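First the structure, in the form of structure tokens, and then the observations on it.
Whatever order the structure lists them in is the order used to number ligands and atoms, beginning at 1. Just so it is clear, the model here is predicted, and its values are computed rather than measured.
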Amino acid sequence: MLVAPSILSADFGILAKEVVAVCEAGADLVHVDVMDGHFVPNMTIGPVVVQSVAEVATKPLDVHLMVTDNAFFVELFAPLKPGYISFHYESEHHHHRVAQKIRSYGISPAIVINPATPVSVLEEIVKYVDMVLLMSVNPGFGGQKFIPIYDKIKACKELIEAKNPDCLIEVDGGVNDENVRKLKEAGADVVVAGSYVFGHKDYAAAIKSLKV
Ligand code: DX5
Ligand code: ZN
């Protein structure tokens, strides 16, 4: 399992230190939650702050856009050269266009669906992305209760095997050492973990416990 700590639960007063710490503790990606206060009822950080994260991160950034205007935010974040930029199916009319725009910058595109959105909507777009992110909480906040989406992960795995076998499945929200094994069995390749990792006093031990 690849592990992407979400810096949403980091101490923003010492953000650079936190990013260095999770990278040294075995993170595979650094998950950056970008919220615009429109698509979700919360706001987080923009490119100025993420620039400081990018400068110290020794692992690729995994930028999760939770915004209404995806094309605009892709333009803002592309210069920081993240490994992935993911955008929500629910907030976009032109999925293919946004995926191609992300790829045109040499960045891997990923598409995200909310817990109540069925996997079937991904049928046409899945061949144009490198990762599908399945939300296991409603986006907007860290520290929420995990929604069991195991059947969705299995359905997504089947779709990916048929249409784009190299595409990864990432799960985001309420992930911890108790559900990670079942997520792996269902077909997840990457887990995002915010409060679980940053709430642990030993980041390396927390990350290790997710590497099932
Ligand atoms: C929720 C975010 C998540 C969040 C996860 O909108 O997309 O990445 O930080 O936090 P935990 O792991 O605490 O649920
Ligand atoms: Zn996220």
Asp33 atom (N/O/S) at minimal separation from the Zn ion (ligand 2): OD1
Looking at ligand 1, does Tyr196 have a heavy atom less than 4.0 Å from it? no
Find out whether Phe73 and Asp36 are in side-chain contact, i.e. whether some heavy atom of one side chain is under 4.5 Å from a heavy atom of the other. yes
Identify, for atom 6 (O) of ligand 1, the protein heavy atom at the shortest distance, and state residue, atom and that distance. Gly140 N, 2.7 Å
Just to confirm my output: which protein heavy-atom neighbour is closest to atom 14 (O) of ligand 1, and how far is it? Gly174 N, 2.8 Å
Suppose we only allow N, O or S atoms; which atom of His31 ends up nearest to the Zn ion (ligand 2)? NE2
I need the nearest protein heavy-atom contact for atom 1 (C) of ligand 1: residue, atom name and distance, please. Phe141 O, 3.5 Å
Given atoms OD2 of Asp172 and ND1 of His64, what angle do they subtend at the Zn ion (ligand 2), to the nearest 10 degrees? 90°
Other residues, nucleotides, ligands: >12 heavy atoms within 6.0 Å of Lys17 NZ: no
At what distance is the nearest protein heavy atom to atom 5 (C) of ligand 1, and which residue and atom is it? Asp172 OD1, 3.5 Å
Which atoms of ligand 1 have any heavy atom of Leu8 under 4.0 Å away? 9 (O)
Ion pair present between Arg103 and Asp130, side-chain N to carboxylate O less than 4.0 angstrom? yes
Please report which non-hydrogen protein atom sits nearest to atom 10 (O) of ligand 1, along with the residue it belongs to and the distance in Å to one decimal place. Gly142 CA, 3.6 Å
Counting only N and O atoms by type, is there a donor-acceptor contact under 3.5 Å from the side chain of Ser9 to the main-chain atoms of Ser195? yes
Taking the side chain as everything from C-beta on, heavy atoms only, tell me whether Asp33 gets closer than 4.5 Å to Asp172. yes
